[in-house]
Engineer: 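Below is one structure. I have some questions about it.
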Amino acid sequence: MEEKGKINGVAAMAACYQGFDPAAYLQYNYTPPRADFERKDSIVPWKLACLHRAFTEGDVNGELLVDIGSGPTLYQVLSGCEVFNKVLLTDFLEVNRQELRGWLQGEGGCNLDWTPYLQHVCKLEGRRPSAWPEKAAKLREVITDIVPVDVHCPQPLALDALPSAGADCLVSCFCLESVSPDLAAFTRALGHIGRLLRPGGHLLLIGALGESYYFGGPGVKIPVVPLNEAQVCASLQESGYTLIRLEVYTLPQDMRVGVDDVTGVFFVKARKE
């Protein structure tokens, strides 16, 4: 019965996502005030700074970076594309994969202009913001594919999606806690994606703290596993990762805009043993 309960919980989560609207989600989370590049306490610049630092410290490197649960967003690989020769984007939903393909093909079919993001990361890298077209070209050059993923499967990607040695680095942002019915499923998903990573490879994980729901579109209320820092650390340890760094961001009151009940965000840099 327990196994059936696990399956039913995951199936219920998948059903929640059938109404997911990439355009609305991007509007809710990736425009001001949450993406205000003039404000030091805005959440998006904080995330970009964490990722930039992790990708430039020198120990995160190799050939292949895999983004687990990309959603309709690109910000999470803007620093990594300078370090890795190949970047693989993944998502469970075809609507999100389609949104990413729209940007990749450069046909203007995107629901968000990523230019301010590209400009901001150029500044973090010590370049002029006007260098953003070269950065966009680099990102398009290194993205090898956009493929389906299911973090609740012991083998989350198709067998031929990765080289046999596995990925050198995984990045995953707001995915696992948002698609898991409970803490146990979140921990299992961490273990599943770990199988995609080579021994000694790195995981860069960003997620919500204290969040029980978010809106994936008008009227599309999606349940989330409410996590605290101790639970994140315990789940990582149980799943075979060694924690290198945990950073926490607390949302200012005006970032709590009614599209979720998130109170904070965590950033993790970890290594697979």
Side-chain angles (χ1 to χ4, degrees), residues 13 16-17 19-54 69-79 96 99 110-121 123-124 129 171-183 186 204-236 243 245-269:
M13 287 300 304
C16 289
Y17 274 87
F20 188 88
D21 180 345
Y25 175 79
L26 290 167
Q27 179 65 36
Y28 295 159
N29 294 288
Y30 294 98
T31 61
R34 291 189 169 183
D36 186 341
F37 295 104
E38 302 305 313
R39 277 181 61 173
K40 285 197 167 83
D41 65 345
S42 186
I43 182 171
V44 166
W46 181 85
K47 290 187 289 184
L48 291 173
C50 287
L51 289 162
H52 167 72
R53 187 159 58 252
S70 304
T73 66
L74 290 161
Y75 71 91
Q76 60 274 25
V77 292
L78 294 184
S79 291
N96 284 336
E99 174 76 21
C110 271
N111 283 297
L112 187 72
D113 179 9
W114 291 102
T115 305
Y117 287 74
L118 291 156
Q119 290 173 329
H120 186 76
V121 176
K123 285 166 69 176
L124 291 176
V171 61
S172 187
C173 300
F174 302 103
C175 171
L176 304 186
E177 74 279 10
S178 304
V179 300
S180 297
D182 51 38
L183 180 59
F186 169 82
L204 305 178
L205 188 68
I206 293 179
L209 292 169
E211 182 177 45
S212 68
Y213 74 89
Y214 79 97
F215 283 100
V220 183
K221 192 175 185 179
I222 298 173
V224 179
V225 180
L227 297 173
N228 61 41
E229 295 161 58
Q231 289 169 325
V232 173
C233 293
S235 293
L236 285 163
L243 180 65
R245 183 165 70 247
L246 172 72
E247 299 179 53
V248 171
Y249 168 94
T250 301
L251 260 77
Q253 204 56 46
D254 68 335
M255 301 277 162
R256 303 182 189 192
V257 291
V259 296
D260 52 43
D261 61 349
V262 64
T263 60
V265 177
F266 68 85
F267 171 82
V268 156
K269 180 181 179 181

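Hydrogens, waters and symmetry mates play no part in the numbers below; they use all other heavy atoms, side chains included.
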Engineer: Students often mix this up, so state it plainly: with edges at 30° and 60°, are the rings of F20 and Y25 parallel, tilted or perpendicular?
Structural biologist: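 F20 vs Y25 ring planes: tilted.
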Engineer: Between P218 and D21, is any pair of side-chain heavy atoms under 4.5 Å apart?
Structural biologist: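 P218 vs D21: side chains touch.
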Engineer: At what distance, to the nearest 0.5 angstrom, does OG1 of T263 lie from CG of L251?
Structural biologist: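 Reported to 0.5 Å precision, the distance equals 7.5 Å.
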Engineer: Please give me the minimum heavy-atom distance between D41 and M255, naming the atom from each residue.
Structural biologist: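 Of all heavy-atom pairs spanning D41 and M255, the closest is O-CE, 3.8 Å.
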Engineer: I want to check something: taking the side chain as every heavy atom from C-beta on, are L48 and S79 in contact at a cut-off of under 4.5 Å?
Structural biologist: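 Sidechains of S79 and L48: no contact.
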Engineer: Is a side-chain N or O of T31 found less than 3.5 angstrom from the main chain of Y28, in a donor-acceptor match?
Structural biologist: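 No; zero donor-acceptor contacts below 3.5 Å.
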Engineer: Specify whether Y117 and Y75 have parallel, tilted or perpendicular ring planes, treating 30° as the upper limit for parallel and 60° as the lower limit for perpendicular.
Structural biologist: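 Rings of Y117 and Y75: tilted, as their planes differ by 30° to 60°.
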Engineer: Please lay out, stage by stage, how C233 and L246 fare under the test side-chain contact (heavy atoms from CB on, under 4.5 Å).
Structural biologist: CA-CA 9 Å; C233 293; L246 172 72; 3.9 Å; yes
Engineer: Given I43 and N29, is the side-chain contact (heavy atoms from CB on, under 4.5 Å) satisfied, shown in steps?
Structural biologist: CA-CA 9 Å; I43 182 171; N29 294 288; over 6 Å; no
Engineer: To the nearest 0.5 Å, tell me how far L205 CG sits from F266 CZ.
Structural biologist: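 Nearest 0.5 Å value for the CG-CZ distance: 4.5 Å.
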Engineer: Using a 4.5 Å cut-off on heavy atoms from C-beta on, say whether the side chain of R245 contacts that of R53.
Structural biologist: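 Of all side-chain heavy-atom pairs linking R245 with R53, at least one is under 4.5 Å.
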Engineer: Where do R39 and P33 come nearest, in terms of heavy atoms and distance?
Structural biologist: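 Taking R39 first and P33 second, the nearest heavy atoms are NH1-CB, 4.3 Å.
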Engineer: Find out whether L74 and L118 are in side-chain contact, i.e. whether some heavy atom of one side chain is under 4.5 Å from a heavy atom of the other.
Structural biologist: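 Answer no - side chains too far apart.
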Engineer: Between SG of C110 and CG of L26, what distance do you get to the nearest 0.5 Å?
Structural biologist: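 These two atoms lie 8.5 Å from each other.
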Engineer: Just how far is it from atom CD of Q119 to atom CG of L78, taken to the nearest 0.5 Å?
Structural biologist: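 Interatomic distance, Q119 CD to L78 CG, rounded to 0.5 Å: 11.5 Å.
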Engineer: For S42, is there any backbone N or O sitting under 3.5 Å from a side-chain donor or acceptor partner on D36?
Structural biologist: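 Absent.
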Engineer: Taking the side chain as everything from C-beta on, heavy atoms only, tell me whether W46 gets closer than 4.5 Å to E247.
Structural biologist: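 Side chain of W46 against side chain of E247, heavy atoms only: contact under 4.5 Å found.
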Engineer: When the ring planes of H120 and F37 are compared, do they come out parallel, tilted or perpendicular, using 30° and 60° as the limits?
Structural biologist: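 If you compare the ring of H120 with that of F37, the planes turn out tilted.
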Engineer: Which heavy-atom pair separates S235 from L183 by the least distance, and what is that distance?
Structural biologist: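 Closest heavy-atom pair between S235 and L183: OG-CD1, 3.9 Å.
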Engineer: Using the rule given for side-chain contact (heavy atoms from CB on, under 4.5 Å), can you reason through R34 versus V259, listing the C-alpha separation, both sets of side-chain angles and the distance that settles it, and then say yes or no?
Structural biologist: CA-CA 11 Å; R34 291 189 169 183; V259 296; 3.8 Å; yes
Engineer: Can you see which heavy atom on E99 is nearest to which on P22, and at what distance?
Structural biologist: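 That would be OE1-CB, 4.3 Å.
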Engineer: Atom CD in E211, atom CG in D260: separation rounded to 0.5 Å?
Structural biologist: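 Output value for this atom pair is 4.5 Å.
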Engineer: List the steps, then state whether side-chain contact (heavy atoms from CB on, under 4.5 Å) holds for V265 with F174.
Structural biologist: CA-CA 9 Å; V265 177; F174 302 103; 3.8 Å; yes
Engineer: Measuring from C175:SG to F186:CZ, what's the distance to the nearest 0.5 Å?
Structural biologist: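 That separation rounds to 10.0 Å.
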Engineer: Do you know which two heavy atoms are closest between I222 and S178, and how far apart they sit?
Structural biologist: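 Heavy atoms of I222 and S178 come nearest at CG2-O, 3.9 Å.
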Engineer: Might you point out which heavy atoms bring V220 and G19 nearest each other, and give the distance in Å?
Structural biologist: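 Smallest heavy-atom distance, with atoms named: CG2-O, 3.4 Å.
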